[in-house]
Asks: 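Take this structure first; my questions come after.
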Amino acid sequence: MAGLAGEIKHLVIKEFHIEWKNKNTIMGILLYILSTIFVCYLTFKQVVDPPTWNALFWIIMLFASVNAVSKGFLQESAGRTLYYYSLASAEAIILSKLMYNILLMILLALISFAFYSLFLPNIVEDMPWFLLGVIAGSTGLAAAFTMVSAIAYKANNNGVLVAILGFPIILPLMLVVIKFSNEALVGVDRMDSLDNLLIISLLDVIIIVLSYLLFPYLWRD
Amino acid sequence: MNERMKGVWWKLLAVALVVYTISAGLTVEVPALAILHETIRNLFFHVTMWFGMMILMLVSVVYSIKFLSSSDESNDIVASESAHVGMLFGSMGLATGMVWAYFTWGDWWVSDPKLNGAAVTILVYLAYFILRGSMDDPTKRAKVAAVYNIFAFVLLIVFLKILPDMTDSLHPGNGGNPGFNTYDTTPKLKMVFYPAIIGWTLMGVWIVSLRVRLKTLAINKMEQQ
């Protein structure tokens with residue numbers, strides 16, 4: 001177990017190093033999110049209806065996560081993949097990818113939320129509770145798209161595949177997340193919306209456990 | 001002769017049950033319920049399609065798991081063919097449901113958790129077929145498809161479990177609508193409904209077995225060439 005933890009630590013640090021060296025990629029994704037938000041701002045002008053404001057935010061998050069997370073596997077070259085294969089266990093690779101993508105996605109989600117609030121006036125009643133939903137929701141999005149992009153990577157690196165494989169299976173999470181953040185948006189009593197937060201966490205756990213169990217089969221050639 | 005009978009009896013049973021479903025389904029005495037009226041007979045043709053589909057999808061997932069633990073490619077053929085036939089059942093369930101909805105609710109498609117669940121199921125399996133089609137190497141295709149099949153099926157079940165709690169359904173028996181629940185389903189309906197599930201499912205299994213044989217023959221022929 002100590003060996004696995006060590007491997008994961010090194011792999012996560014490696015991910016950060018690669019990201020730092022290719023700052024261009026991450027900046028590109030930030031710009032992608034910013035442009036999307038700006039397009040929404042110019043087309044919608046003003047969103048006063050809380051459910052619409054909320055749904056729009058999560059749709060932007062969905063597309064952001066497809067792009068941000070799927071690059072994780074898709075940008076790896078075949079040679080480098082073979083190198084990891086000889087160095088680390090499949091479990092360590094998926095756990096480190098999951099951990100890194102979740103951290104990245106939470107960070108991106110918080111930045112996007114700041115931009116989104118800037119352009120489309122923030123109407124959230126219960127801010128800490130909403131942010132908790134953003135964190136739990138982006139965890140699930142990141143985890144699901146990590147696994148889906150691993151599948152797409154094995155299937156000849158097809159970019160469209162990530163979206164068509166991912167969208168239908170991400171729906172349960174999206175629906176609960178949208179419901180939960182809607183409740184935070186209008187300021188429902190926290191005890192009443194706690195159930196939904198638990199369901200989101202449960203879905204996150206299910207996605208992570210499934211990825212952990214299934215990834216080794218995918219990885220071994 | 002005896003050996004042959006062993007493989008044949010369940011096919012005879014399937015035919016008998018489906019014939020019984022169609023004849024009894026159209027003639028059995030049904031409770032007089034508002035809105036539903038005679039369309040309650042769709043219970044034997046529409047609802048049973050979903051049962052058949054979910055059973056076939058479950059078979060598909062079980063064979064995907066078997067493939068991952070054994071790497072025996074015949075398991076992958078069963079998994080893929082069950083999913084295909086499951087989709088056939090799903091399409092028929094959707095078609096029978098849409099016709100019924102048009103005459104009962106007045107529209108071909110309404111926002112209803114059961115309809116959305118069906119639509120998502122179909123999207124998942126279409127994605128599964130696209131995924132299979134995007135790979136040429138059979139071993140790799142089998143492995144990647146099995147992983148997606150299991151991953152998607154678990155989340156799909158969660159989705160179908162969560163969805164009804166999120167919104168109210170228009171379906172008979174839900175949200176105070178009369179229909180398929182313990183109070184409205186008379187013993188006479190059940191006498192047709194349960195055999196109908198078994199009959200249609202056996203039909204599905206039969207189609208799967210034929211498709212698997214066909215596929216296996218095609219693969220063997222390819223290898224000989």
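Naming convention: chains lettered A, B, ... in sequence-line order (proteins, then strands); numbering from 1 in each chain.
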Asks: To the nearest 0.5 Å, what is the distance between OH (B:Tyr148) and CG (A:Leu214)?
Replies: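 B:Tyr148 atom OH to A:Leu214 atom CG measures 12.5 Å (nearest 0.5 Å).
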
Asks: Hey, is NZ on A:Lys9 packed in by over 12 heavy atoms from elsewhere, all under 6.0 Å?
Replies: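 Open: at most 12 neighbouring heavy atoms sit under 6.0 Å from NZ of A:Lys9.
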
Asks: Atom NZ of A:Lys154 and atom CE of B:Met135: how far apart are they, to the nearest 0.5 Å?
Replies: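 Nearest 0.5 Å value for the NZ-CE distance: 11.0 Å.
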
Asks: Stepwise, does the side chain to side chain contact (heavy atoms under 4.5 Å, CB included) test hold for B:Phe151 with A:Ile207?
Replies: CA-CA 8 Å; B:Phe151 192 60; A:Ile207 294 170; 4.1 Å; yes

Asks: A quick test of your reading: do over 12 heavy atoms of other residues, nucleotides or ligands sit less than 6.0 Å from OH of B:Tyr63?
Replies: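 No, because the 6.0 Å sphere around OH of B:Tyr63 holds 12 heavy atoms or fewer from other groups.
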
Asks: Can you tell me which portion of A:Ile199 sits under 4.5 Å from chain B's heavy atoms? Options are side chain, backbone, both or neither.
Replies: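 Just the side chain, heavy atoms under 4.5 Å.
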
Asks: Using a 4.5 Å cut-off on heavy atoms from C-beta on, say whether the side chain of B:Phe159 contacts that of A:Ile169.
Replies: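 Result no, sub-4.5 Å side-chain heavy-atom pair not found.
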
Asks: Quick check for you: to the nearest 0.5 Å, what is the distance between A:Met147 atom CE and B:Leu155 atom CG?
Replies: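 Going from CE on A:Met147 over to CG on B:Leu155, the span is 10.5 Å.
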
Asks: Measuring heavy-atom distances to chain B, does A:Leu171 have an atom under 4.5 Å in its side chain, in its backbone, in both, or in neither?
Replies: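 Contact with chain B: backbone and side chain both.
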
Asks: To the nearest 0.5 Å, tell me how far A:Leu218 CG sits from B:Leu68 CG.
Replies: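 With rounding to 0.5 Å, CG (A:Leu218) is 9.5 Å from CG (B:Leu68).
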
Asks: Give a yes or no on this: more than 12 heavy atoms of other residues, nucleotides or ligands lie within 6.0 Å of atom CZ of A:Phe63.
Replies: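 No, the 6.0 Å shell around CZ holds no more than 12 heavy atoms from other groups.
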
Asks: What's the separation between atom CG in B:Leu131 and atom CG in A:Leu165, rounded to the nearest 0.5 Å?
Replies: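 Answer rounded to 0.5 Å: 5.0 Å.
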
Asks: Tell me if the OH atom of A:Tyr212 is crowded by more than 12 foreign heavy atoms within 6.0 Å.
Replies: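 At most 12 heavy atoms, drawn from other residues, nucleotides or ligands, come within 6.0 Å of this atom.
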
Asks: Checking A:Leu213 against chain B: side chain, backbone, both or neither under 4.5 Å from a heavy atom?
Replies: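 It is neither, since no heavy atom gets under 4.5 Å.
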
Asks: Minimum heavy-atom separation for A:Ile164 to B:Ala127, with atom names?
Replies: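 What the structure gives for the nearest pair is O-CB, 3.4 Å.
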
Asks: Just so I understand: if I count every heavy-atom pair under 4.5 Å between each of A:Ala144, A:Ala150, A:Pro172 and chain B, which residue has the most?
Replies: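 Result: the option with the highest number of such pairs is A:Pro172.
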
Asks: With a 4.5 angstrom heavy-atom cut-off, could you sort out which part of B:Leu123 is near chain A: side chain, backbone, both or neither?
Replies: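 Its backbone and side chain both get close to chain A.
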
Asks: If I take atom CG from residue A:Leu210 and atom CD1 from residue B:Ile150, how far apart are they, to the nearest 0.5 angstrom?
Replies: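 A:Leu210 CG to B:Ile150 CD1: 9.0 Å, rounded to 0.5 Å.
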
Asks: Can you confirm whether more than 12 heavy atoms, excluding those of A:Arg190, are under 6.0 Å from its CZ atom?
Replies: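 Yes, enclosed.
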
